[in-house]
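This report concerns only the one structure given below.
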Amino acid sequence: MPRSFYITTAIDYANGAPHLGHAYEKVLADVIARYRRMQGCQVHLLTGLDEHGQKVQQTAQQRNIEPQVFVDEIAVGFRQMLVDLGISNDDYIRTTETRHKKVVQDFLQRLHDQGFIYLGTKTDWYSTRQEQFLTDKDRNPDGSWPDIYGEVTQTTEENYYFKLSQFQPWLVDYLATHPDFVNPRFRQKQVLEFLKEPMNDLCISRPKTRLTWGIELPFDRNYVTYVWFDALTNYYSAVVDRGLWPADVHVIGKDILSPPHAVYWPCMLKALGLDPPKQLLVHGWWTINNQKASKSAGNAGSTLSYVSTHGADAFRYYLCREMVVGQDADFSAVSFVNRYKADLGNNLGNLVNRLLNMVGRNYAGSIPAAAADEPLEQGLRALWTETEAKLHKAIDEYQVSHALETLWVFISAMNAYIEARAPWKLAKSPEAADRARLDSCLAHVAEGLRLVATVLLPVMPVACAKLLVNIGRPVPGSFAGQLQWSQVCTLSKVAEACILFPPVDLPAPPASV
RNA sequence: GGUAGUGUAGCUCAGUUGGUUAGAGCGCCGGACUCAUAAGCCGGAGGUCGGCAGUUCAAUUCUGCCCACUACCA
């Protein structure tokens, strides 16, 4: 019985087009999912779309269409992005689906029955011009309201509240006893810091007079539920029939760690008698040319164009290599092109072609068996053993960039190994010993590339499959028995040539991007 | 104002459970080579590891204070 592994991304909010942040989170989750699949886990990768709420309702109104029609349109764009990026999600949940609504209502009813939800009143200041509630934070320093809000009136509104505060002691204790709940660890400290202050109960409803585009409260038809009980529940509603709860990892951005994922969600689950997710993997934000990615700057979407110019694999590699999970990273045309040319084209792609050409020239395209075994060969094999160990460690900590860094040390070493062996000289030697060295050289590079391509499949599925096929090897569906240094490439027929990462002439990018 | 993170070579960043000459990639300079996507290899220049103080035989790594930037909170 293979171990199951349930991993999710945050669901994207259906207001606007997909951008780099959306893309990265999917890629990171997908790489982890593919890696676990190769390790033999029964993986379930979930992503989806958050489709309710004020903004969606407003935008649909402005366009004079039904909200459902609007989100259906948005969903097409987001799902296309998944296809473009090669994301291997097993499911796609939309919060307007019946299967989701049923679970949300079931949750709400159960909590209401058990007394965890109550009706409360709250007095607020409301700006009719901005159609939003204001807090003291919005005031001018002198206590007056800024002009942009127009007339500000005091309103009293009844809403339903979840007794969040009563779970605070439990949560503090849970975090103390589960130091790996939030990865990276320094993020967990921030959550604990947040929990030093007493929490308020969580408002979970909006009256239909203000918001109709949402899931109706099962115990009061005049209200819909608001934001978190709807959005967070997707992780559970999508797998309710599969018995996959609790999730192994929720991949999220740092902006929605605290309080939603680290506070609301575990407390909601606790109240329902369900386990919290096993871990939250929190990534940072991308800047673009050292500037905040934003819709107004128009820089966030344009980065996705590299998928079409350089391929999804290169894009995935760049994102994984450049961002240390947890930290912020910067996306720039210069660094993208550098990574593409240097890491992918020169170090890896060119190495493949060196091998194919030499095997073609000297062995009629059939990989020789290793004959000589000297310190150069032993060194390369020892480096692989070391590389593989580091790689697994890095991936287990979800530090994909470290894993790739380590792997490129090995790729570099193969290039250096070829120089040291100088097969073009060996080929001209009449000595039998030199012929044996030539055999070994090409056999070792072939085997090294097989290992690299295998272990890189989760990051660059298409390019690595192509690499394996071009050295005459099948594409494995599992790591089992595939990561030891072996002689399986012997007598494999290689392709004549293979350009994995061709030089790309870029259309002159806008100077600002 | 509080809390956290970051501050290491020109640029982007690793790393150091405290210990000999601090690392990588890119960029730059020089060299040798030619199997290859003018790729690859070797060598070199370049750093008071943010500042100050403390602990220690020894600190870039630990502690305290300070400075700068970022994020969250107020």
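Letters A, B, ... are given to chains in the order of the sequence lines, protein chains preceding strands, and every chain is numbered from 1.
- Straight-line distance between the C1' atoms of B/rC26 and B/rG46: roughly 14 Å, to the nearest whole Å.
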Derivation of the side-chain contact (heavy atoms from CB on, under 4.5 Å) call for A/Asp439 and A/Tyr363: CA-CA 9 Å; A/Asp439 291 354; A/Tyr363 296 91; 2.3 Å; yes
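- Looking only at distances, a side-chain donor or acceptor of A/Asp313 sits under 3.5 Å from a matching main-chain atom of A/Val462.
- The distance from atom CZ of A/Phe331 to atom C1' of B/rC11 is 17 Å, rounded to the nearest whole Å.
- Atom CG in A/Asn470 sits about 14 Å away from atom P in B/rU37, given to the nearest Å.
- Rounded to a whole Å, the OH atom of A/Tyr340 is 10 Å from the C1' atom of B/rU37.
- Comparing the P positions of B/rA74 and B/rU6 gives a spacing of 23 Å, expressed to the nearest Å.
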Which atom pairs, one a donor and one an acceptor, fall under 3.5 Å between side chains of residues 490-504 of chain A and the rest of the protein, sequence neighbours left out?
residue  : atom : partner  : partner atom : Å
A/Thr490 : OG1  : A/Gln487 : O            : 2.9
A/Thr490 : OG1  : A/Gln487 : OE1          : 3.3
A/Ser492 : OG   : A/Cys489 : O            : 3.1
A/Lys493 : NZ   : A/Ala364 : O            : 3.2

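- Whole-Å rounding puts the A/Leu449 CG to B/rC35 C1' distance at 14 Å.
- Each of A/Pro503 and A/Asp255 has a nearest nucleotide on RNA chain B; the 5'-most of these lies closest to A/Pro503.
- The side-chain tip of A/Arg437 does not point at the ring of A/Tyr417 from less than 6.0 angstrom away and within 45° of straight on.
- Only the C1' atoms considered, B/rG1 is 28 Å distant from B/rG54, to the nearest whole Å.
- Scanning both residues, A/Leu232 and A/Met268, for their nearest heavy atoms gives CD1-SD, 4.1 Å.
- Within 6.0 Å of atom NZ in A/Lys466, more than 12 heavy atoms from other residues, nucleotides or ligands are found, so the atom counts as buried in its surroundings.
- Taking the six-membered ring for Trp and the full ring otherwise, the centers of A/Phe229 and A/Tyr160 sit at least 6.0 Å from each other.
- Comparing B/rC13, B/rC33, B/rG15 against the side chain of A/Trp424 picks out B/rC33 as the nearest.
- When distances run from any side-chain atom of A/His402 to the nucleotides B/rC35, B/rG15, B/rU37, the shortest one goes to B/rG15.
- Checked against A/Phe336 for a ring-ring contact (aromatic ring centres under 6.0 Å, His included), the options A/Trp286, A/Tyr318, A/Tyr317 give a single hit: A/Tyr318.
- Rounded to the nearest Å, the gap between the P atom of B/rA24 and that of B/rC67 is 35 Å.
- Separating the CD atom of A/Glu405 from the C1' atom of B/rG25 is a distance of 8 Å, rounded to the nearest angstrom.
- Annotation: B/rC69 and B/rG51 have their C1' atoms spaced 15 Å apart (nearest Å).
- No side-chain donor-acceptor contact under 3.5 Å links A/Asn357 to the backbone of A/Asn353.
- Between the NZ atom of A/Lys390 and the C1' atom of B/rG23 there is a distance of 11 Å, given to the nearest Å.
- Closest contact between the side chain of A/Arg339 and the listed nucleotides B/rG25, B/rU37, B/rC26 involves B/rG25.
- Residue whose closest nucleotide on RNA chain B sits further toward the 5' end, between A/Glu419 and A/Pro259: A/Glu419.
- B/rG40 atom C1' lies 16 Å from atom CH2 of A/Trp408, rounded to whole Å.
- Annotation: B/rG10 and B/rU34 have their C1' atoms spaced 32 Å apart (nearest Å).
- Remark: the separation of the C1' atoms in B/rG18 and B/rC49 is 14 Å, to the nearest Å.
- Side-chain N or O atoms of A/Gln482 include none that pairs as donor or acceptor with a backbone N or O of A/Pro476 at under 3.5 Å.
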Pairing string, 5' to 3', for RNA chain B - Watson-Crick or wobble contacts under 3.5 Å, brackets [ ] where pairs cross, | to another strand: (((((((..((((.....[...)))).((((.........)))).....(((((..]....)))))))))))).
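- Within residues 343-373 of chain A, the residues that have a heavy atom under 4.0 Å from RNA chain B are, in order of number, A/Gly345, A/Asn346, A/Gly349, A/Asn350, A/Asn353, A/Arg354, A/Asn357, A/Met358, A/Arg361.
- Atom CG of A/Leu257 is separated from atom P of B/rC72 by 12 Å (rounded to the nearest Å).
- Between B/rG27 and B/rC11, the distance separating the two C1' atoms is 8 Å to the nearest Å.
- Between the A/Trp384 side chain and the A/Leu483 main chain, a donor and an acceptor come within less than 3.5 Å of each other.
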